[in-house]
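Scroll down for the structure; my scribbles are underneath it.
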Amino acid sequence: MGGRRMTGDATSAEADPYVPKHGDPAYGVDRYDLDLTYKAAGNHLSGRAHLTLTTERETDAIAIDLHALRVTKVEVSGATVKRWAHRASRLTLRFDASVPAGTVLSVSISYAGTPQTVPGPDGRAGWEELADGVIVASQPHGAPSWFPCNDRAADKATYRISVTTDAAYTVVANGTLTSRRKVGRGTEWTYAMDEPMAPYLATVQIGRYETTELSASPVPVRVMHPARLKSAVAEAFSDQVRMIEVFADLFGPYPFTQYAVVVTDDDLEIPLESQAMSTFGSNHCSRSWEAQRLIAHELSHQWFGNSVTAAQWRDIWLHEGFACYAEWLWSEAAGISTVDEQAAIHHARLAAEPEDLVVGAPGPKDMFDDRVYKRGALTLHALRCDVGDDAFFAILRDWVARHRGGVVTTAQFEALCDRTAGRRLGELFEAWLRNEALPPLPTRRA
């Protein structure tokens, strides 16, 4: 705004209309330090979260998202808090005077209770008990179910996550395991994620797991799974290393220092990606194409969605369309079917569906509609058919390299495509992303 200072009101700020009443654009978090204790008996979580944050505009209050759990103590340095209140999943801190933009604050929050999933327009998300353990699936609005955060995809930070729980369980969180030590009758697991991460991608997985390390991988790969599934996991994930190699060749180097896969003892309706990790149910341990495409899909999100993250949920096709297209690329690399064949199959299926959705702005209730995924992938195929393979894969690699660890918009992607192609491609994107009518099946130039 040309350097003009603005006054913010955290109680009314709207960070993203697709996830209303989440996130506060008045500040950005630089780092989260989370010290958690979890008791499986009774599903009880207690924690102390330390947030280092910087105000992005002048403001007399900030809001921090925390759902259902009870706040017991708040400490702030860098400004004086006149009062704080925790209502309707928002912890509001009001200062005794307006805080200038660029002010660094240190906020420590102690809290406890029984974690509950967070409701939203597309369903519930967040901390969830399994038959024996925990899964955290926060996309798109579930992060406040287990830690205080600025719950907006555009607000990336680094993390230290420490969890103490019963010694019988393995804890898996984002990033590198930096320490594991006995604490009383339990075990404390500490992980560090030093690459910027959106809150919805932060996760904790707790279960009775053993670890299998995959060999000959360009990055360390660990698979955590119940002992009973060891053989099934080895078979189902036998192509995991090759997938990483194929995607690194097509999209650029894998963006994190390691990759973890968690396979729960429970069946899961769908797998999920989180930063440097993917989680699958026991029902996904199969060599079927349905299972293999999902393994490829979640891996590809490490590039598209996790490293390069849409700033607003309306642009979710930048995650899901790209991951769906990665499935088709893996299908071709694995000798199952070509990308052209996959495109034809899914175009025909879309042609039989209602044409009442705009991929570039699907609305909060439809942002995970399968048409966003498949038509998003077809958008990329249309781009590839138009500009040719060399330019297309140059665009993908440049996109990842330019925006690693950052947030992006569809407009930025279109601008990159225009620059690479040396001409405007607006009609292509208008037809595929901003019109309801399904364009004809893209075909490659002879």
Q | Residues Trp146, Tyr38; criterion ring pair (Phe, Tyr, Trp, His ring centres under 6.0 Å); working and verdict | A | CA-CA 11 Å; Trp146 65 285; Tyr38 179 67; over 10 Å; no
Q: Show your reasoning for whether salt bridge (charged side-chain N to carboxylate O under 4.0 Å, His left out) applies to Arg287 and Asp239.
A: CA-CA 10 Å; Arg287 292 293 300 171; Asp239 286 332; 2.8 Å; yes
Q: Could you check Tyr18 against His141 for side-chain contact (heavy atoms from CB on, under 4.5 Å), going step by step and ending with a plain yes or no?
A: CA-CA 10 Å; Tyr18 278 44; His141 54 257; over 6 Å; no
Q: Start with the C-alpha gap between Trp303 and Tyr254, add the side-chain angles, then the distance that decides, and say whether ring pair (Phe, Tyr, Trp, His ring centres under 6.0 Å) holds.
A: CA-CA 7 Å; Trp303 287 265; Tyr254 178 79; 5.6 Å; yes
Q. Should Thr212 and Phe237 be marked as a side-chain contact (heavy atoms from CB on, under 4.5 Å) after you check the CA-CA gap, both sets of side-chain angles, and the distance that decides it?
A. CA-CA 11 Å; Thr212 297; Phe237 290 86; over 6 Å; no
(Q) side-chain contact (heavy atoms from CB on, under 4.5 Å) for Ile64 and Arg90? Distances and angles first, verdict last. (A) CA-CA 6 Å; Ile64 300 171; Arg90 303 275 272 181; over 6 Å; no
Q. Given Tyr111 and Leu66, is the side-chain contact (heavy atoms from CB on, under 4.5 Å) satisfied, shown in steps?
A. CA-CA 9 Å; Tyr111 61 100; Leu66 183 64; 4.0 Å; yes
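For the atom pair Gln116 CD and Trp127 CH2, the distance stands at 13.0 Å (nearest 0.5 Å). Atoms CG and CG, from Leu51 and Asp33 in turn, are 9.0 Å apart once rounded to the nearest 0.5 Å. Interatomic distance, Gln240 CD to Leu299 CG, rounded to the nearest 0.5 Å: 5.5 Å. Separation of atoms OH (Tyr191) and CG (Leu34) is listed at 14.5 Å; rounding is to 0.5 Å. Atoms CG and CZ, on Leu350 and Arg375 in that order, are 8.0 Å from each other to the nearest 0.5 Å. Within the model, atoms CG of Leu91 and CD1 of Ile62 stand 8.0 Å from one another, a figure rounded to the nearest 0.5 Å.
Asp166 places no side-chain N or O within 3.5 Å of a backbone atom of Ala168 that could act as its donor or acceptor partner. Judged by distance alone, the side chain of His301 and the main-chain N or O of Gln275 form no donor-acceptor pair under 3.5 Å. Distance alone, capped at 3.5 Å, is enough to place a donor-acceptor pair between the Gln292 side chain and the Ala236 backbone. Formation of a donor-acceptor pair under 3.5 Å by the Asp265 side chain with backbone atoms of Ala131 is not found in this model. Without hydrogens or angle criteria, Lys156 side chain to Glu195 main chain gives no donor-acceptor distance under 3.5 Å. Without hydrogens or angle criteria, His346 side chain to Lys374 main chain gives no donor-acceptor distance under 3.5 Å. Within the 3.5 Å criterion, the main-chain N or O of Thr190 finds a donor-acceptor partner in the side chain of Thr178. Asp266 places no side-chain N or O within 3.5 Å of a backbone atom of Leu130 that could act as its donor or acceptor partner. A donor-acceptor contact shorter than 3.5 Å links the side chain of Asn283 to the backbone of Leu268. Counting only distance, with no hydrogens or angles, the side chain of Thr170 and the backbone of Tyr209 share a donor-acceptor pair below 3.5 Å.
Crowding of Arg180 atom CZ: a count of heavy atoms from other residues, nucleotides or ligands under 6.0 Å not exceeding 12. Summarising the local packing, CZ of Arg70 is surrounded by 12 or fewer heavy atoms from other residues, nucleotides or ligands at distances under 6.0 Å. Atom CZ of Arg434 has more than 12 heavy atoms from other residues, nucleotides or ligands within 6.0 Å.
By the 4.5 Å heavy-atom criterion applied to side chains, Asp389 and Arg384 are counted as neighbours. Side-chain contact between Ile295 and Phe280 is present, with heavy atoms from C-beta onward closer than 4.5 Å. Residues Val408 and Phe413 form no side-chain contact, since every pair of their non-hydrogen atoms from C-beta on lies 4.5 Å or further apart. Side-chain contact between Val134 and Tyr169: absent, with no pair of heavy atoms (C-beta onward) separated by less than 4.5 Å. Looking at heavy atoms from C-beta onward, Leu53 lies out of side-chain contact with Asn150 at the 4.5 angstrom threshold. Between Arg48 and Ser108, some side-chain heavy-atom pair lies under the 4.5 Å cut-off. Using a 4.5 Å heavy-atom cutoff, the side chains of Trp330 and Ser300 are not in contact. A 4.5 Å side-chain heavy-atom check between Ile244 and Pro218 finds at least one atom pair inside the cut-off.
Thr203 and Gln205 are linked by a side-chain donor-acceptor pair at a separation below 3.5 angstrom, with hydrogens and angles left out of the test. Under 3.5 Å, the side chains of Arg314 and Thr410 contain no donor-acceptor pair of N or O atoms. Residues Glu273 and His297 have side chains that never bring a donor and an acceptor to within less than 3.5 angstrom of each other. For the 3.5 Å distance criterion, the side chains of His284 and Glu290 fail to qualify, holding no donor opposite an acceptor. In summary, the side chains of His50 and Asp35 do not present any donor paired with an acceptor at a separation below 3.5 Å, with no hydrogens or angles considered. Counting only N and O atoms by type, the side chains of Tyr27 and Asp155 include no donor and acceptor under 3.5 Å apart. Checked by atom type, the side-chain pair Ser337/Ser331 shows a donor-acceptor distance below 3.5 Å.
Closest approach of Tyr200 to Gly305, counting heavy atoms only: OH-O, 3.4 Å. Counting all heavy atoms, side chain and backbone alike, Ala311 lies closest to Ala153 at O-CB, 4.4 Å. Nearest heavy atom pair, residue Leu433 against residue Val358, reads O-CG1, 3.1 Å. Heavy atoms only, all atoms of each residue included: Ala63 and Asp24 are closest at N-OD2, 2.9 Å. When every heavy atom of Pro442 is checked against every heavy atom of Leu378, the shortest pair comes out as CG-O, 4.1 Å. Arg371 and Asp369 get closest at one heavy-atom pair: N-OD1, 2.8 Å.
At a threshold of 4.0 Å, the pair Asp418-Arg423 does not count as salt-bridged, since none of the basic side-chain nitrogens sits closer than that to a carboxylate oxygen.
Cation-pi geometry between Arg222 and Tyr259 is not met: the NZ or CZ atom fails to fall both under 6.0 Å from the ring centre and inside 45° of the normal.
Take Asp194 and apply the salt bridge (Lys or Arg N to Asp or Glu O under 4.0 Å) test, not counting sequence neighbours, and it matches no residue.
Partner Thr158 forms a side-chain contact (heavy atoms from CB on, under 4.5 Å) with one of Met193, Arg31, Met197 and no other, that one being Arg31. Each of Val183, Thr164, Val163, Leu45 was compared with Thr37 under the side-chain contact (heavy atoms from CB on, under 4.5 Å) criterion, and only Thr164 meets it.
Aromatic ring orientation, Phe147 versus Tyr32: perpendicular (interplanar angle above 60°, classes split at 30° and 60°). Ring pair Tyr325/His381 is tilted by interplanar angle, where 30° to 60° counts as tilted.
Note: Phe251 and Phe304 meet the aromatic proximity criterion, with ring centroids under 6.0 Å apart.
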